[in-house]
Amino acid sequence: MAAARTTSSALLLFAAAVVVLAAHATAAADLVSQACTNATRHFCRLQLSKDSCVSALRSDERSAAARDLRDLALVAVDLVGASAAAADAAISAAAAKGGGADTERSLQYCRVDYDDMARTVPDCRRLVSRYDAAVVEADGGPPSQYYFGCVDRLRDSAVGCWDQVRNWAELKKAVGKEVRDVVQRANVAKLIQEQMLGMENPFESLHD
Ligand SMILES: *[C@@H]1O[C@H](CO)[C@@H](O)[C@H](O)[C@H]1NC(C)=O
């Protein structure tokens, strides 16, 4: 009897643990899904679909453990850095193969963009990691403009290289996917950070 009771209590405990774990996983999954639903509500803004937003964030398993929008924004900023490093490597490989003076110049220009990003990502990360909604609301923290400014710089660099590559069929074939990925992830970071801040950048006019 006693043994049977112990077994069933153990089973019960196990079942409870499974339920708790599942609930935790669902909550985190919902955060990604909800944040992306909210972030991509106005599709025409950056042409980012909810699915692209979700799959970008889920490509980093830490998004499943994110407790809030700041955690997600940090994951998004890191993804920008990782994709920029991957694109930079692709650019180096393409440059090593040589080519015309025009494509060479475009690749060189992309190196400048990615050098900028490599230096800026850790700064944006530090800024976001210290974000505290309560402090910002009490007007004691850095104004939202700093957050917008940092991630917008990343996005400008990402778009800068894409603008170099998009019109050269040969370059587009060689590095287009990687370069485009950086833009998409910069868009995710920008939109998720807006969710974190609870607003869009009031000083910008988006032209694409
Ligand atoms: C998404 O937006 C809804 C409605 O404004 C809000 O209640 C919810 O907290 C938001 N979710 C996230 C994860 O930002």
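Remember, it's 1-based here, ligands and their atoms both numbered in the order they're listed.
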Original post:
Are side-chain N/O atoms of Ser52 and Ser49 paired as donor and acceptor at under 3.5 Å?
Top reply: yes
Ligand-side contact atoms (ligand 1) for residue partner [X], heavy atom cut-off under 4.0 Å:
X     : answer
Leu31 : 13 (C)
Leu69 : 14 (O)
Asn38 : 1 (C), 2 (O), 3 (C), 8 (C), 10 (C), 11 (N), 12 (C), 14 (O)

**OP:** Flag atom 11 (N) of ligand 1 as yes if some protein heavy-atom distance to it falls below 4.0 Å, otherwise no.
**Re:** yes
**OP:** May I ask whether atom 7 (O) of ligand 1 is less than 4.0 Å from at least one protein heavy atom?
**Re:**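 Under 4.0 Å from atom 7 (O) of ligand 1, zero protein heavy atoms found.
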**OP:** Tell me, yes or no, whether the heavy-atom count around Arg62 atom CZ, taken from other residues, nucleotides or ligands under 6.0 Å, exceeds 12.
**Re:** yes
Original post:
Does the side chain of Val165 reach to within under 4.5 Å of the side chain of Cys161, using non-hydrogen atoms?
Top reply: yes
Original post:
Is the closest side-chain heavy-atom distance between Leu171 and Arg166 below 4.5 Å?
Top reply: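 The answer is no; the side chains never approach within 4.5 Å.
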Subject >> Within reach of ligand 1, part of Thr37 (heavy-atom separation under 4.0 Å) >> reply: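 The answer is neither.
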Original post:
Are Arg45 and Glu194 ion-paired here, with the side-chain N under 4.0 Å from a carboxylate O?
Top reply: yes
Original post:
Can an N or O of Gln34 be found at a distance shorter than 3.5 Å from an N or O of ligand 1?
Top reply: yes
Subject >> Closest protein heavy atom (residue, atom, distance) for atom 5 (O) of ligand 1 >> reply: Arg41 NH1, 4.6 Å
**OP:** Could you please spell out the steps behind the side chain to side chain donor-acceptor pair (under 3.5 Å) verdict for Thr40 and Lys50?
**Re:** CA-CA 6 Å; Thr40 59; Lys50 181 194 170 183; over 6 Å; no
